[in-house]
Amino acid sequence: MTTRAQERYEDEATVDRPGGYATHDVTNQPPPPAPYDAADDASLLEGLRREGAGWAEEGLRRLGLRAGSAQAQEWGELANRHEPVLRTHDRYGKRIDEVEYHPSWHHLMSVAVGEGLAASPWADDRPGAHVARTAGGLVWGHTEAGHGCPTSMTYAAVPALRRQPELAKVYEPLLTSREYDPGLRTPTEKRGLLAGMGMTEKQGGSDVRTNTTAATPTAEPGVYALRGHKWFTSAPMCDVFLVLAQAPGGLSCFLVPRVLPDGTRNTFRIQRLKDKLGNRSNASSEPEFDGTVAWLVGPEGQGVKTIIEMVNCTRLDCVMASATLMRKTLVEAGHHVRHRSAFGARLIDQPLMRNVLADLALDSEAATTLTLRLAGAADRAARGDAGEAAFRRIATAVGKYWVTKRGPAFTAEALECLGGNGYVEESGMPRHYREAPLLSIWEGSGNVNALDVLRALGRSPRTAHALFGELALARGADARLDAAVARLETGLTTASETGARRLVELMALTLQASLLVRHAPPAVADAFCASRLGGDWGHAFGTLPDGADLGGILARALPGAD
């Protein structure tokens with residue numbers, strides 16, 4: 001078609017209205033979901049108060065409005081569209097090993113650190129400080145998930161670093177700071193620090209005892225030189241890293257700064273960034289150490305024991321991030337079906353769609369409620385409560401296994417609520433879907449966590465006592481729950497590695513059900529117990545029994561849905 005003909009065609013096709021065309025009007029499409037209140041979640045706010053952090057509610061509600069703002073949602077989209085870029089050398093050929101991020105990443109990080117979502121709870125004496133942080137993550141995570149990685153690692157680094165008091169004295173005040181201060185400079189000259197970790201290697205993955213990175217003592221006590229290659233080291237622009245390496249006394253934990261105290265760059269050669277399925281806003285790297293200066297954290301040969309507290313913290317954050325992703329995609333699905341019609345009625349008014357949404361809402365509330373209970377246990381354990389420490393030990397591994405396993409199926413179903421609209425990148429749902437599997441893999445895949453539950457039970461009878469003590473708080477409230485607890489007690493007597501997943505799944509469902517029976521409205525607790533424990537359920541979401549109170553569930557999960 002000639003240019004003149006094309007112009008004539010466009011003139012004839014347009015009508016006298018801004019941007020209008022005679023072919024059609026766009027109808028039956030939902031408006032943009034933002035702005036919205038990411039903290040508008042009854043299970044979240046109730047759990048915050050119940051677990052001892054009601055004092056943080058005003059700040060959480062403010063953060064919820066910010067997380068759901070058009071600006072913050074755009075930051076999340078841009079940070080994933082413009083992925084990190086590795087710069088191994090500067091223009092003069094000098095090795096720099098730096099990663100460049102889009103400005104939106106820095107905006108997200110600045111808010112996250114400023115709102116206390118990194119390590120600040122370790123410097124906060126208020127009961128519930130760790131709960132408040134977790135609740136903040138459940139809200140601010142509505143923006144995007146990738147930048148939660150460095151904040152999580154920074155949070156988890158502090159208890160491990162405390163095993164070397166002289167190092168903690170220097171670095172902890174900076175790690176617990178609420179100031180985001182990016183860029184590689186002398187750590188003690190910065191206003192705040194971020195911490196990463198380098199544990200896994202090619203040959204072992206989760207089997208960190210097979211690591212081959214060597215740590216050679218230097219003439220200076222406590223200082224070593226590292227040589228080796230790490231397979232996954234996320235957020236390589238963090239200021240310090242906790243790294244596992246083989247010292248003369250066995251596998252040990254070390255602190256590796258990117259910049260040494262004298263201002264020179266430590267050897268931290270980034271070979272490449274990982275081309276990942278999801279979590280693309282966050283850089284994951286493969287660094288090589290060659291004469292890299294490192295400080296010993298904890299005794300030689302006790303590297304795994306030193307980092308176990310770190311793992312407990314990051315596993316909690318995996319549960320939190322999965323619960324956040326569930327809530328975010330449920331909100332997106334709820335928004336769509338309220339504004340979309342088909343076959344003569346709004347989708348939200350159609351019985352089968354209501355069943356799907358209510359079924360999703362049950363999993364979302366169960367995940368959020370369990371997350372906050374785990375955060376409460378972490379908070380009380382940090383203050384010396386031995387019973388809560390035992391509960392945290394087993395329940396965090398149980399929650400990590402189950403909640404992160406539910407994430408991918410949940411996100412796929414929420415995406416399907418949008419139909420074809422959910423399958424295009426503009427909707428944001430594909431990004432959420434790609435993110436979901438990571439949380440089951442990070443900090444130990446399903447098998448690793450299921451076997452860790454068996455290990456905890458075998459090594460410390462207190463963990464089983466703590467778990468059943470928690471379940472006993474709901475005894476007699478629901479016959480289906482009581483029967484499931486009885487099955488669990490029987491299952492523990494014949495526990496095996498082969499059946500570990502099935503056993504841990506039952507632990508998770510009984511634990512979630514006990515929390516909902518005690519704290520959620522009857523509509524939620526009854527439907528959860530009937531479907532998840534009573535067998536009145538299918539194999540996909542949207543198969544709740546006919547007697548389930550779908551309206552009551554939806555009114556709680558999605559205010560304004562009716």
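We count residues from 1, following the sequence as given.
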Testing the basics here: between [X] and [Y], what is the closest heavy-atom pair and its distance to 0.1 Å?
{"X": "R434", "Y": "L277", "answer": "CD-O, 3.0 Å"}
{"X": "L370", "Y": "L511", "answer": "CD1-CD2, 3.6 Å"}
{"X": "A382", "Y": "W122", "answer": "CB-CZ3, 4.1 Å"}
{"X": "S284", "Y": "K276", "answer": "OG-NZ, 3.1 Å"}
{"X": "R556", "Y": "A42", "answer": "NH1-CB, 3.6 Å"}
{"X": "A527", "Y": "L544", "answer": "O-CD2, 4.5 Å"}

Original post:
Can T543 and N355 be said to form a side-chain contact (heavy atoms from CB on, under 4.5 Å), step by step?
Top reply: CA-CA 7 Å; T543 55; N355 196 316; 5.5 Å; no
Original post:
Please, which pairs that meet side chain to side chain donor-acceptor pair (under 3.5 Å) have at least one residue in residues 308-325, sequence neighbours excluded?
Top reply: R133-D317, S152-D317, E309-R392, T314-E443, R315-N449, R315-D452
Subject >> Pairs where residues 489-504 contributes a residue and the test side chain to side chain donor-acceptor pair (under 3.5 Å) is met, not counting sequence neighbours >> reply: N447-R501
From [atom1] ([X]) to [atom2] ([Y]), nearest 0.5 Å:
{"X": "W537", "Y": "D359", "atom1": "CH2", "atom2": "CG", "answer": "5.5 Å"}
{"X": "L117", "Y": "H147", "atom1": "CG", "atom2": "NE2", "answer": "7.5 Å"}
{"X": "L457", "Y": "R393", "atom1": "CG", "atom2": "CZ", "answer": "9.0 Å"}
{"X": "K230", "Y": "E288", "atom1": "NZ", "atom2": "CD", "answer": "12.0 Å"}
{"X": "D363", "Y": "L330", "atom1": "CG", "atom2": "CG", "answer": "10.5 Å"}
{"X": "T368", "Y": "E46", "atom1": "OG1", "atom2": "CD", "answer": "11.5 Å"}

**OP:** Ignoring hydrogens and angles, tell me if any N or O in the side chain of S252 forms a donor-acceptor pair with the backbone of G301 under 3.5 Å.
**Re:** yes
Subject >> Any donor-acceptor pair under 3.5 Å from S364 side chain to L360 backbone >> reply: no
Subject >> Under the side chain to side chain donor-acceptor pair (under 3.5 Å) test, residues paired with H432 that sit two or more places apart >> reply: none
Original post:
Excluding sequence neighbours, so at least two apart, what forms side chain to side chain donor-acceptor pair (under 3.5 Å) with K274?
Top reply: E286
Is the closest side-chain heavy-atom distance between [X] and [Y] below 4.5 Å?
{"X": "L533", "Y": "D478", "value": "no"}
{"X": "R280", "Y": "R431", "value": "no"}
{"X": "L481", "Y": "R532", "value": "no"}

Subject >> Parallel, tilted or perpendicular, as decided by the 30° and 60° cut-offs, for the rings of H229 and W231 >> reply: tilted
Original post:
Is the CZ atom of R383 crowded by more than 12 outside heavy atoms at less than 6.0 Å?
Top reply: yes
Distance-only donor-acceptor hits, side chain of residues 240-250, under 3.5 Å, sequence neighbours excluded:
| from | atom 1 | to | atom 2 | distance (Å) |
| --- | --- | --- | --- | --- |
| Q246 | OE1 | L251 | N | 3.2 |
| Q246 | NE2 | R209 | O | 3.3 |
| Q246 | NE2 | N211 | O | 3.0 |

**OP:** Please name the residue in the list L60, T134, L138 that meets the side chain to side chain contact (heavy atoms under 4.5 Å, CB included) test with L48.
**Re:** L60
Original post:
With A283, which residues qualify under side-chain contact (heavy atoms from CB on, under 4.5 Å), at least two apart?
Top reply: P84, V99, Y101, P236, L273
Subject >> S514 side chain to E470 side chain, donor-acceptor N/O pair below 3.5 angstrom >> reply: no
